[in-house]
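Numbered from 1 within each chain, the chains take letters A, B, ... in sequence-line order.
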Amino acid sequence: MIITVASGKGGTGKSMVAANLAWSLAASDPVTLVDCDVEEPNLHLFFPEARAVVTPVTIMVPDVDPDRCTLCGDCARFCAFGALVAAKDRVLFFPEHCHSCGGCTIACPVGAIAEIPRPIGTVTERAITTSFRLVTGTLNEGEVLAVKVIQKAKDAAGSAAWVILDASPGTSCPVVETLQGSDVCILVTESTPFGLHDLALAYDVTSQMGIPSGVVINRSDGKDEAALRFCKEKKIPVLAVIPFERKIAEIQGSGDLISRRDPVWKERFRAIGGACRALWEGA
Amino acid sequence: MRICIPSKGPEPGDLVDERFGRAPYYVIFDAESGTTESYKNPAAEGMGGVGPRAAQFLLDKNVQVLVTARIGGNALGALKAGGITILLYDQAGSTVRDAIAAYKSGGLKEQ
């Protein structure tokens with residue numbers, strides 16, 4: 001099954017939950033963990049020993065043949081993103097504006113536009129154990145098409161018993177792209193007004209997409225009434241409450257996983273996986 | 001010579017807009033006939049790439065000179081490649097008519 005870990009708010013502990021969940025489930029099942037936070041992927045930091053195999057991600061962009069081009073400007077007028085301008089003696093191309101729609105090749109009346117690949121990021125694969133793979137999408141600096149890199153990272157994930165997708169914060173296109181096709185979403189929140197506010201936004205997205213979701217309250221100081229009330233109101237199951245504890249912070253802060261260090265946490269995360277499966281089967 | 005002034009409205013009495021790509025209107029002054037025509041900027045509300053799209057619009061309208069307060073890098077490159085001269089005119093609160101007068105009097109600095 002495919003689980004997306006999302007949050008709305010940044011810094012709630014998405015990556016912590018995703019990595020621990022993946023590590024714990026991999027004790028018995030094949031798991032692929034996918035870092036879909038392509039603008040700042042960091043899950044690999046939990047697994048510094050693993051060897052990385054890097055594949056470039058490219059998009060197709062126009063390549064104008066100056067011998068055939070009549071400078072009519074149809075391609076530029078078609079482009080909604082201003083990636084092409086038909087100047088006096090040549091067609092100018094602004095690659096960072098191109099969304100790779102291919103429309104200019106169709107709009108060109110003389111067939112002067114071919115498509116060539118342009119790199120915008122990478123997909124990195126790591127075998128952490130025999131049953132645990134990590135796939136990392138990375139968007140190159142200055143590029144905007146995060147969605148294309150997320151698609152490629154998800155493609156590379158293939159199918160495992162558990163595919164766990166770590167989304168970026170927020171509720172915009174990259175998050176929606178990550179969620180697309182997921183069976184269940186884990187929404188990680190913290191019991192602050194900010195965490196709750198953004199949890200509501202993220203829940204709006206998952207419910208509109210028809211993806212059943214459960215909540216993990218992280219860094220709980222025991223005063224979770226507002227978050228619990230929200231979950232009760234919306235009938236969202238609370239999958240786990242992770243306390244605000246120095247020991248957890250120390251392990252996490254050293255780049256380790258609490259489920260790797262402590263078998264109790266491993267079982268707790270395996271239980272979160274089980275609850276996700278129950279959510280999916282009940283949907 | 002056809003001179004374009006980005007503006008907030010379609011009339012010569014309307015204020016100039018200090019932005020090139022996102023100006024809502026372009027007033028084009030024909031120096032030979034002394035007439036003006038105006039167009040709504042089709043790129044003004046665009047999500048991105050408005051500079052190059054606005055540049056293409058001016059090229060399609062056979063503009064030779066752009067009088068503007070400021071201009072982005074992509075639009076500048078596109079306009080220059082299209083042979084359009086960019087003259088800088090940055091007077092807050094002035095009208096299109098003022099900008100045309102400033103052009104006629106010469107002395108505007110080329111970008």
**Item:** A:His97/B:Asn74 under side-chain contact (heavy atoms from CB on, under 4.5 Å): CA gap, chis, key distance, verdict
**Value:** CA-CA 10 Å; A:His97 289 172; B:Asn74 285 335; 3.3 Å; yes

**Request:** Determine whether more than 12 heavy atoms belonging to other residues, nucleotides or ligands lie under 6.0 Å from atom CD of A:Gln151.
**Result:** yes

**Asked** If you count the non-hydrogen atoms of other residues, nucleotides and ligands that lie under 6.0 Å from NZ in A:Lys152, is the total more than 12?
**Response** no

**Message:** If you count heavy atoms of other groups shown closer than 6.0 angstrom to CZ of A:Phe230, is the number above 12?
**Reply:** yes

**Complete:** Minimal heavy-atom distance between B:Gly77 and A:Leu92, with the atoms involved, is O-CD1, 3.8 Å

**Prompt:** What heavy-atom pair brings A:Gly82 and B:Arg53 nearest, and what distance separates the two atoms?
**Reply:** CA-CG, 3.3 Å

**Message:** For chain A, which candidate among B:Pro52, B:Gly51, B:Pro42 shows the most heavy-atom pairs at distances under 4.5 Å?
**Reply:** B:Pro52

**Message:** A quick test of your reading: do over 12 heavy atoms of other residues, nucleotides or ligands sit less than 6.0 Å from OH of B:Tyr39?
**Reply:** yes

**Request:** Taking the side chain as every heavy atom from C-beta outward, state whether B:Asp60 and A:Arg77 have any atom pair closer than 4.5 Å.
**Result:** yes

**Message:** How close do A:Ala86 and B:Leu59 get, counting heavy atoms only, and between which atoms?
**Reply:** O-CD1, 3.5 Å

**Atom of A:Ala87, atom of B:Gly82 and distance for their closest heavy-atom approach** = CB-N, 3.7 Å

